[in-house]
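Step one of this worksheet: look at the structure below.
Atom set for the values below is all heavy atoms of this structure, side chains included, hydrogens, waters and symmetry mates excluded.
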Amino acid sequence: MNPIIFQIGPFALRWYAVFIITGALFATWLSTRRAAEYGENGDSAWDILPWALIGGIIGARIWHILTPPASMVAAGITTQFYLTHPLDMLAIWNGGLGIPGAVIGGFLAVLIYTRRHDVSLLAWADIVAPGLALAQGMGRLGNYANQELYGAPTNLPWKLFIDQAHRLPGYESVAYYHPLFLYELIYDVLNMLILLWVSKRFRHWLKLGDVFLMYLIIYPLGRFLLEFLRLDPSPVAGLNINQTLMGVTAVCSLIALILRHSLNWGTKVSAILRYIPIPVAEGVDLIESSRVSSSDVHSPSPEGEVIDLEDEDEADDSHEEDSAG
């Protein structure tokens with residue numbers, strides 16, 4: 001497959017860009033359908049889309065610049081090279097994007113949006129999590145178009161042929177590889193389905209932010225395992241930085257999920273987030289940080305109504321006192 005759909009002068013429309021945009025649109029549509037379950041306006045998903053898309057692309061490119069793969073480092077395309085060639089930083093079609101940076105950048109952009117519009121960050125994180133997994137899977141089709149992100153050599157029936165021009169140094173004579181992009185695509189779709197099922201099946205048990213935490217467990221776990229097949233990791237201080245980050249993220253998210261249910265500190269974290277001042281634009285004052293939005297301590301009920309978790313905690317405490325008496 002030719003990575004370029006058509007080209008007019010210096011402008012080229014690439015399959016990679018088409019798959020990324022298509023994935024973002026599907027993710028946003030899915031979020032509009034889920035928003036009502038959390039007491040949010042589904043149309044806001046379309047307002048959040050440009051924030052998340054721009055923040056995600058910027059974050060993804062920064063991550064790539066800071067953690068170029070080994071093959072690029074060997075060719076002299078290092079972080080230092082990018083810092084001394086600023087125009088190359090902008091050429092996202094040369095070198096690529098890093099998903100860890102995309103998630104971080106997109107999250108920060110959504111954080112700023114939710115603070116500006118006084119809506120719940122945790123609610124929207126849960127709303128977009130399944131769509132985010134879907135968008136990542138569709139984005140991997142762009143890797144197929146570019147003949148990149150393939151794994152170790154293999155002779156399995158589903159082996160992937162790679163043109164010699166796209167083979168890594170040392171593998172020029174090897175034609176077939178693990179379709180790593182396909183493995184991750186399938187895993188991302190499964191991740192989406194699991195998150196959708198969990199958010200429906202365990203609605204009574206979940207707190208706001210739990211679905212996003214589960215995303216931060218499931219995706220990093222799969223990515224950690226798939227990195228063992230990757231031929232071109234991103235080395236930092238002798239470590240595969242992507243694999244290391246994924247492992248740490250999965251473990252920390254699992255611990256956070258357990259603690260927020262065993263110690264009931266999820267609502268306290270939500271309140272603390274409201275006290276973090278964030279500059280939203282040049283010339284605009286910092287958002288008032290002394291107000292705790294009630295939407296940050298709400299959880300959806302089966303009928304779509306909102307349950308105040310703090311009131312539930314107080315009711316539980318009073319019930320325990322009555323029982324003790």
Side-chain angles (χ1 to χ4, degrees), residues 1-3 14-16 19-20 23 60-61 63-79 81 92-103 133-194 215-251:
M1 176 184 287
N2 189 334
R14 298 173 179 269
W15 282 111
Y16 198 5
F19 286 127
I20 288 177
R61 186 57 177 175
W63 184 265
H64 167 77
I65 291 171
L66 296 178
T67 63
S71 62
M72 296 187 69
V73 172
I77 311 298
T78 63
T79 300
F81 170 84
I92 61 175
W93 53 89
N94 289 329
L97 306 169
I99 282 185
V103 175
L134 174 62
Q136 287 177 324
M138 295 190 69
R140 286 309 183 195
L141 291 173
N143 297 130
Y144 169 70
N146 291 343
Q147 290 202 48
E148 59 190 6
L149 196 64
Y150 50 87
T154 184
N155 285 318
L156 291 171
W158 54 84
K159 59 191 176 184
L160 174 69
F161 176 78
I162 297 295
D163 293 334
Q164 190 169 16
H166 295 92
R167 296 173 193 169
L168 293 170
Y171 293 89
E172 291 85 357
S173 61
V174 180
Y176 295 99
Y177 301 82
H178 279 282
L180 206 57
F181 79 92
L182 179 60
Y183 298 164
E184 187 167 332
L185 186 160
I186 295 172
Y187 188 80
D188 286 335
V189 173
L190 290 175
N191 187 6
M192 176 196 69
L193 294 175
I194 292 171
Y215 162 83
L216 291 179
I217 296 170
I218 298 172
Y219 172 72
L221 175 61
R223 179 67 183 270
F224 177 87
L225 296 174
L226 289 175
E227 284 290 325
F228 285 110
L229 287 175
R230 192 162 185 171
L231 293 176
D232 197 20
S234 298
V236 174
L239 297 173
N240 180 339
I241 188 60
N242 288 321
Q243 187 176 48
T244 302
L245 177 66
M246 292 297 109
V248 171
T249 299
V251 171

Arg167 (side chain) donor-acceptor with Val174 (main chain) under 3.5 angstrom: yes
Closest non-hydrogen atom pair, Gly23 against Ala135: O-CB, 3.5 Å
Passing option when Phe161 is tested against Tyr144, Tyr176, Tyr177 for ring-ring contact (aromatic ring centres under 6.0 Å, His included): Tyr176
4.5 Å side-chain heavy-atom contact, Phe81 and Ile65: no
Gap between atom CD of Glu148 and atom NE2 of His166 - 0.5 Å precision: 8.5 Å
Spacing of Leu66 atom CG and Thr79 atom OG1 [to the nearest 0.5 Å]: 5.5 Å
Set of side chain to side chain donor-acceptor pair (under 3.5 Å) partners for Arg140, sequence neighbours left out: Asn143, Glu184
Check: Pro179 and Tyr150 side chains under 4.5 Å, non-hydrogen atoms: no
Validation row: Gln136, Val103 side chains within 4.5 angstrom (heavy atoms): yes
Nearest heavy atoms of Ala145 and Trp15, plus distance in Å: CB-CB, 3.7 Å
Minimum-distance pair of heavy atoms, taken over all atoms of Pro68 and Pro235: O-CD, 3.9 Å
Reported CZ-to-OG1 distance for the pair Arg223 and Thr249, which is rounded to 0.5 angstrom: 11.0 Å
Ser234 vs His64 side-chain heavy atoms within contact, under 4.5 Å: no
CG on Asn240 to CG on Asp232, rounded to 0.5 Å: 10.0 Å
Check: Tyr183 ring centre within less than 6.0 Å of His178 ring centre: yes
Under 3.5 Å donor-acceptor, Asp188 side chain and Leu134 backbone: no
Side chain to side chain, Phe181 and Leu160, heavy atoms closer than 4.5 Å: yes
Straight-line distance of Ile217 CD1 to Met246 CE, nearest 0.5 Å: 13.5 Å
Heavy-atom side-chain proximity of Arg230 to Leu149 below 4.5 angstrom: yes
Any donor-acceptor N or O pair under 3.5 Å, side chains Asn242, Glu227: no
Residues, nucleotides or ligands: over 12 heavy atoms within 6.0 Å of Tyr171 OH: no
Heavy-atom side-chain contact between Ile241 and Trp63 under 4.5 Å: yes
Side-chain touch Leu231/Leu180, heavy atoms, less than 4.5 angstrom: no
Aromatic plane relationship, Phe228 with Phe224 - under 30° parallel, 30 to 60° tilted, over 60° perpendicular: perpendicular
